[in-house]
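One structure below.
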Amino acid sequence: MASNEQRKVPRRIAQTLINALKGGVVPRVGLPYITVGRRREIEALLSDVDMIAEGGASFRFIMGRYGSGKSFLLQTLRSYVMAKNFVVVDADLSPERRLQGTRGQGLATYRELIRNMATKTTPEGGALTLILDRWISRVQQETAEETPPDRADFSAAVERRIAAMIYGLNDLVHGFDFTRLLTLYYHAYRDGDDALRAQVARWFRGEYTTKTEARHALGVNIIITDDDWYEYLKLFAAFLRQAGYAGMLIFIDELVNIYKIPHAITRQYNYEKILTMYNDAMQGRAKYLGMVLCGTPACMEDTRRGVYSYEALRSRLAEGRFAGEHRDLLSPVIKLSPLTHEEMLVLVEKLSGIHAELYGYETTVTQEDLADFIRIEFGRIGADDHITPREVIRDFIQALDIIYQTPTLKMADLLLSENFSYAANAVEGAEVSAQFAEFDL
């Protein structure tokens, strides 16, 4: 327990960690306190980050079963890249949020991404207006070094500098309108017109539904739609670099919701959008942009409904003949391997210390108790292939909660109770039957 004592966790963060993990979700704060394993995967993804900062682009799939740690890995990477001055946007797909749709599902995904736009100073999201305001303030400061603010032509000098900075965006699709809106935002900022600033920010968030509405409010005859929202993300990535950030990363989770679409043609349109994004990254048409998509093995490898049902993607992403037992973490698809027993032991030790700190009690859980718990959890038939960190963590926190509420109960007594009789039998080698929630035919 020494490692937990050396690194005290603030109570607010400890509460968030325990509540989130107990509920089976990934916390957005405090991940460094509980991160174990995944070193090779993280190193592979961080090599992409360096390339993005130099003007490149990357595209990765992270593949793993439910509860295997996909979302945890995303949040760990998210925290790291924000500390490196990247802007992060993330969204979970759902029946209402897809990559392509006929009823605004693609635009809904864009809105969710922009709503969750985060930086190191605004890690919870909603950073769009802050980014725009800081960009303008930065340009004004740079201009003031050459043209004193009290001069009559200071505002014109700022506008010229802004025009020079964003001129390169005009070469991108929809770049002219994007730069026009950026200039309009500057005018509103300069004049103190908060209403106009809010209207421009609303346009950037994709909240105008008709061109007529946008024309009346802003004088522009274009809006962000289902068909072109991805082009605006590329524009944002290029603009953010001009605004002083290292680049932008897009995290999209729950790819399984495309796999679940009942209509084959609709699925194909969504996979076609993925192909477009993949080609842009691999061929250098996107800059300062990284994309990470997460899904289950079925939603990736199913040749009837999954990503591999789209032949153009399957031929690009499927493993080559030399993969076999060796993992290629430089390939576009990263398959998450299970955490080892030793890594899970370290994790539950960390959680035990955090739980004791949060509720203010002296822990009675020993190293032997922790080892017995892991031995029992992984002693179940098929556990090596089917048990996930989420299941182990939830079991362990529940055990800690029970022990905390029943001071006379010891972990060893709980592990030997009938609640764990099935696992204990499996450890002892008894012949038992098992049923799995997921299986492959």
- Tightest non-hydrogen contact, residues K273 and Y230, listed as NZ-CB, 4.4 Å
- Hey, are the side chains of T296 and L255 touching, using non-hydrogen atoms and a 4.5 Å cut-off? no
- So does R316 pair up with E311, basic N to acidic O under 4.0 Å? no
- Please check if the side chain of Q105 supplies one atom and the backbone of R103 the other of a donor-acceptor pair under 3.5 Å. yes
- Task: Step by step, work out the side-chain contact (heavy atoms from CB on, under 4.5 Å) result for M291 and I252.
- Result: CA-CA 8 Å; M291 291 164 277; I252 297 179; over 6 Å; no
- Task: Report the C-alpha distance between D133 and R197 in whole Å, list the side-chain angles of each, state the deciding distance to 0.1 Å, and finish with yes or no for salt bridge (charged side-chain N to carboxylate O under 4.0 Å, His left out).
- Result: CA-CA 10 Å; D133 291 348; R197 283 176 59 216; 2.7 Å; yes
- Message: Once rounded to the nearest 0.5 Å, what's the spacing between atom CD of E349 and atom CD1 of I374?
- Response: 11.0 Å
- Message: One thing to verify: whether D302 and R305 come together as a salt bridge, which I'm taking to mean a side-chain N less than 4.0 angstrom from a carboxylate O.
- Response: no
- Task: State the CD-CG distance between Q15 and L17, to the nearest 0.5 angstrom.
- Result: 10.0 Å
- Query: Are any of the side-chain heavy atoms of E231 and L172 separated by less than 4.5 Å?
  - Reply: no
- D92 and R97 ion-paired at < 4.0 Å: no
- Of the non-hydrogen atoms in G290 and I52, which two are nearest, and what is the gap between them? CA-CD1, 3.4 Å
- Query: Does the T179 side chain pair with the main chain of G175, one donor and one acceptor, at a distance under 3.5 Å?
  - Reply: yes
- Between T212 and T210, do the side chains contain an N or O donor and an N or O acceptor separated by less than 3.5 Å? no
- Task: Is it possible for you to check whether R202 lies under 6.0 Å from the centre of the six-membered ring of Y208, through NZ or CZ, and within 45° of that ring's axis?
- Result: yes
- Query: For F373 and F396, what are the C-alpha separation, side-chain angles and deciding distance, and is it a ring-ring contact (aromatic ring centres under 6.0 Å, His included)?
  - Reply: CA-CA 8 Å; F373 175 83; F396 185 69; 5.1 Å; yes
- Whether F236 and Y110 hold their rings parallel, tilted or perpendicular, with breakpoints at 30° and 60°: tilted
- Query: Between R40 and E43, does a salt bridge (charged side-chain N to carboxylate O under 4.0 Å, His left out) hold up when you go through it step by step?
  - Reply: CA-CA 5 Å; R40 293 185 61 201; E43 289 177 348; over 6 Å; no
- Close side-chain approach of W229 and L99, heavy atoms under 4.5 Å: yes
- Task: Using distance alone, with no hydrogens and no angle criterion, decide if T225 and D228 have a side-chain donor and acceptor under 3.5 Å apart.
- Result: yes
- Item | Heavy-atom closest contact (P123 atom, A118 atom, distance) | O-CB, 3.7 Å
- Message: More than 12 heavy atoms of other residues, nucleotides or ligands under 6.0 Å from CZ of R12: yes or no?
- Response: no
- Query: Taking the side chain as C-beta and beyond, is there a heavy-atom pair between T129 and Y185 under 4.5 Å?
  - Reply: yes
- Message: Please verify the inter-ring angle class for Y404 with H355; under 30° counts as parallel, over 60° as perpendicular, anything in between as tilted.
- Response: perpendicular
- Are the side chain of N257 and the backbone N or O of L93 linked by a donor-acceptor pair below 3.5 Å? yes
- Student check: side-chain heavy atoms of M63 and L336 closer than 4.5 Å: no
- Message: For N270 and R98, which I'm curious about, is there any donor-acceptor pair between the side chains at under 3.5 Å?
- Response: no
- Message: Is it the case that the side chains of D401 and Q405 hold a donor-acceptor pair, with the cut-off being a distance below 3.5 Å and no angle test?
- Response: no
- Message: Treating T406 as the side-chain partner and I403 as the backbone partner, does any N or O pair qualify as donor plus acceptor under 3.5 Å?
- Response: no
- Message: Show, in sequence, the C-alpha distance, side-chain angles and deciding distance for W203 and Y232, and conclude whether the ring-ring contact (aromatic ring centres under 6.0 Å, His included) test is met.
- Response: CA-CA 11 Å; W203 187 93; Y232 286 97; 5.7 Å; yes
- How far does CZ of R138 sit from CD1 of I131, to the nearest 0.5 angstrom? 12.5 Å
- Backbone N/O of A108 and side chain of D226: donor-acceptor pair under 3.5 Å: no
- Would you say Y288 and Y245 make side-chain contact, with heavy atoms under 4.5 Å? no
- Message: Can you confirm whether K22 is buried at NZ, in the sense that more than 12 heavy atoms of other residues, nucleotides or ligands lie under 6.0 Å from that atom?
- Response: yes
- Item | Test item: side-chain donor near acceptor, S331 and R60, under 3.5 Å | no
- Once you round to the nearest 0.5 Å, how far does CD of E213 lie from CD of Q199? 9.5 Å
- Query: Are there more than 12 heavy atoms of other residues, nucleotides or ligands under 6.0 Å from atom NZ of K287?
  - Reply: no
- Query: Does any non-hydrogen side-chain atom of I250 lie less than 4.5 Å from one of V292?
  - Reply: no
- Message: Strictly distance-based, threshold 3.5 Å: is any side-chain N or O of R11 a donor or acceptor partner for the main-chain N or O of L358?
- Response: yes
- Query: So, E357 side chain and A14 main chain: donor-acceptor pair closer than 3.5 Å or not?
  - Reply: no
- Message: Applying the side-chain contact (heavy atoms from CB on, under 4.5 Å) criterion to I397, which one of I354, N19, V348, I18 satisfies it?
- Response: I18
- Message: Can you tell me how the ring of Y271 sits relative to the ring of Y310, calling it parallel under 30°, perpendicular over 60° and tilted otherwise?
- Response: tilted
- Note on the structure: One should read off an interatomic distance between D280 CG and L289 CG, to the nearest 0.5 angstrom, of 8.5 Å
- Query: Is it true that atom OH of Y269 has more than 12 heavy atoms of other residues, nucleotides or ligands lying nearer than 6.0 Å?
  - Reply: no
- Note on the structure: To the nearest 0.5 Å, atom CG of L317 lies from atom CE of M300 at 5.5 Å
- E301 and K335 ion-paired at < 4.0 Å: yes
- Query: When the ring planes of F239 and W135 are compared, do they come out parallel, tilted or perpendicular, using 30° and 60° as the limits?
  - Reply: perpendicular
- If you look at every heavy atom in I393 and L351, which pair is closest and at what distance? CG2-CD1, 3.9 Å
- Do F86 and Y80 have their ring centres less than 6.0 Å from each other? no
- Indicate yes or no: does D253 engage K70 in a salt bridge with an N to O separation below 4.0 Å. no
- Which one of L74, T76, L77 satisfies the side-chain contact (heavy atoms from CB on, under 4.5 Å) criterion with L45? L77
- Query: Going by atom types alone, do D227 and Q100 pair a side-chain donor with an acceptor below 3.5 Å?
  - Reply: yes
- Task: Grab the two heavy atoms, one from A399 and one from L414, that are nearest each other, plus how far apart they are.
- Result: CB-CD2, 3.6 Å
- Heavy-atom pair with the smallest gap, counting every atom of I223 and A214: CG2-CB, 3.6 Å
- Message: Under a 3.5 Å distance rule, please check whether N116 uses its side chain to pair with a backbone N or O of D90 as donor and acceptor.
- Response: yes
- Message: Please check this pair: side chain of D369 against backbone of T366, looking for a donor-acceptor N/O pair closer than 3.5 Å.
- Response: yes
- So, the side chain of R241 versus the backbone of A53: is there a donor-acceptor pair under 3.5 Å, distance only? yes
- Query: Do F59 and L293 have side-chain heavy atoms sitting under 4.5 Å apart?
  - Reply: yes
